[in-house]
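Starting from 1, each residue takes its place in the sequence as its number.
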Amino acid sequence: MTIQPSHPALSIVATMYRSEAFIEEFCDRISRSAAAITPDFEIILVNDGSPDASLDRAKAVANQNPAVVVVDLSRNFGHHAAILAGLENAEGNWIYLTDIDLEEQPEWLADFWNIAQTEGHDVVFGIQKQRIGSAMGNFAGSAFWWVLNASSTVTIPANQMTCRIFSKRYRDALLSVGDKVIYLGALFPWVGFSQKALELVKTPRRAGTSSTYNLTRKLRQTIDSLTSFTASPLVSFFFLGLAIWIGSMLYGAWLVSVRLIWPNEILSGFTAIMFSIWFLGGLLLLGIGVVGLYVSKLFQEVKARPRFIIRSVVRGKKNEI
């Protein structure tokens, strides 16, 4: 008779990119939080091609902690692809996803677990009660969530955090989505199931460390979120073009009427003509650019390349008896 291996009760997934300063403390604190819930848990650390010593430190922790599993990607594939790699390797009946930089406190795990178990939700996710960025950054973030919701067919909670706990069946449904270009912030609510938000306040980033989400990565994420989840930009440009066409027809009719009613009227419009040329030229280039973004996404989807490639998986060493 073959004995089937049992799955752990809880899997904890976190990604690593320039994270060497946080790994030991994160694993220690999250291990203590998980042990208070169940002795049967695993910690999956995904190395997303980190250029620092994150991988070596994670392997060193795995040598001391049998619960730690290190998934090493072949290169940097991006935060969301690394998250999916961690979820695919998670074997727990419940999965807790969080950031490793300690802005999302490991001790929050107990709150997420208790709400999920007592209220019967498939997903409990964190949202920022109060943003801790600069005034300009907070304004840009609010504008981003407003635009994303205005163009989406599902309600996307604003100021989502990475930290969330969800059931295995929700994880399986999430991984069944075959998109190659993904934005998890929109995909999380799209999958559905019973979900509940938990308001939390992030801990300010530790002195001497900085976020890896620079302006370029934020802009790329914004573009991916809009073009991979909604066709609203294309629809908006259609209606904008329609409005300009109608306006030009009305303006043309007005010019003809003026010529017929006041044949001697001199119509000087050099400034208006130049403005129209620049405006329409810029609009056309912008519209072509938007179409190009969607074509590039189609190109990536059609190629059907894997979202990530795993180089190796290192599991924590069991204590010898």
| field | Member of Val61, Asp56, Asp28 meeting the side chain to side chain contact (heavy atoms under 4.5 Å, CB included) criterion with Ile23 | value |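 Exactly one option meets the side chain to side chain contact (heavy atoms under 4.5 Å, CB included) with Ile23, and it is Val61.
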| said: If we check side chain to side chain contact (heavy atoms under 4.5 Å, CB included) with Thr162, which of these qualifies: Leu184, Thr98, Leu97? | reply: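 Considering Leu184, Thr98, Leu97, a side chain to side chain contact (heavy atoms under 4.5 Å, CB included) with Thr162 is found only for Leu97.
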How long is the straight-line distance from [atom2] of [Y] back to [atom1] of [X], given to the nearest 0.5 Å?
| X | Y | atom1 | atom2 | result |
| --- | --- | --- | --- | --- |
| Asn47 | Thr15 | CG | OG1 | 9.5 Å |
| Ser11 | Lys168 | OG | NZ | 9.5 Å |
| Tyr96 | Cys163 | OH | SG | 5.0 Å |
| Asn89 | Ile95 | CG | CD1 | 12.0 Å |
| Asp111 | Leu200 | CG | CG | 7.5 Å |
| Arg57 | Ser50 | CZ | OG | 11.0 Å |

| said: So that I know where these two stand, are Phe188 and Phe125 an aromatic pair - ring centroids less than 6.0 Å apart? | reply: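 Distance test on ring centres: not under 6.0 Å, no.
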| Going through the checks in order, is the side chain to side chain contact (heavy atoms under 4.5 Å, CB included) test met by Gln195 and Tyr170? | CA-CA 10 Å; Gln195 302 196 22; Tyr170 175 88; 3.7 Å; yes
Can you name the nearest heavy-atom pair linking [X] to [Y], along with the distance?
| X | Y | value |
| --- | --- | --- |
| Val46 | Gly86 | CG2-CA, 3.5 Å |
| His79 | Asp48 | N-OD2, 3.7 Å |
| Ala58 | Val70 | O-CG2, 3.7 Å |
| Trp108 | Met161 | CZ3-CE, 3.4 Å |
| Pro51 | Tyr17 | CD-CE1, 3.7 Å |
| Asp52 | Ser19 | OD2-N, 3.2 Å |

Under 3.5 Å donor-acceptor, [X] side chain and [Y] backbone:
| X | Y | value |
| --- | --- | --- |
| Arg171 | Ala90 | yes |
| Gln105 | Leu102 | no |
| Ser312 | Asp72 | no |
| Glu104 | Asp99 | yes |

| message | Looking at Phe166, I'd like to know if the NZ or CZ of Arg164 sits under 6.0 Å from its six-membered ring centre while staying within 45 degrees of the ring's axis. | response |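 Because its charged atom misses either the 6.0 Å distance or the 45° angle limit, Arg164 does not stack over Phe166.
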Are side-chain heavy atoms of [X] and [Y] found at a separation under 4.5 Å?
| X | Y | result |
| --- | --- | --- |
| Val313 | Val69 | yes |
| Leu109 | Ile30 | yes |
| Ile44 | Val71 | yes |
| Ser54 | Arg18 | no |
| Asp172 | Ser176 | no |
| Val177 | Leu187 | yes |
| Glu88 | Leu175 | yes |
| Gln117 | Trp94 | yes |

| All side-chain contact (heavy atoms from CB on, under 4.5 Å) counterparts of Ser31, not counting sequence neighbours |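 With sequence neighbours excluded, Ser31 shows a side-chain contact (heavy atoms from CB on, under 4.5 Å) to Phe41, Ile43, Asn65, given in chain and number order.
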Between [X] and [Y], a side-chain donor and acceptor under 3.5 Å:
| X | Y | answer |
| --- | --- | --- |
| Ser167 | Asp122 | yes |
| Asp40 | Thr38 | no |
| Ser33 | Glu107 | no |

| query | Looking at residues at least two apart in the chain, or sitting in another chain, which of them share a ring-ring contact (aromatic ring centres under 6.0 Å, His included) with Phe308? | reply |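 Phe308 satisfies ring-ring contact (aromatic ring centres under 6.0 Å, His included) with no other residue.
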| task | Give the intermediate values and the outcome of side chain to side chain contact (heavy atoms under 4.5 Å, CB included) for residues Lys196 and Val123. | result | CA-CA 6 Å; Lys196 179 174 181 177; Val123 184; over 6 Å; no
| request: Could you give me the CA-CA distance, side-chain angles and deciding distance for His80 and Leu84, then say whether side chain to side chain contact (heavy atoms under 4.5 Å, CB included) is met? | output: CA-CA 6 Å; His80 292 191; Leu84 293 179; 5.9 Å; no
| query | Does the side chain to side chain contact (heavy atoms under 4.5 Å, CB included) test come out yes or no for Leu45 and Ile100, once each step is laid out? | reply | CA-CA 9 Å; Leu45 304 178; Ile100 202 172; 4.1 Å; yes
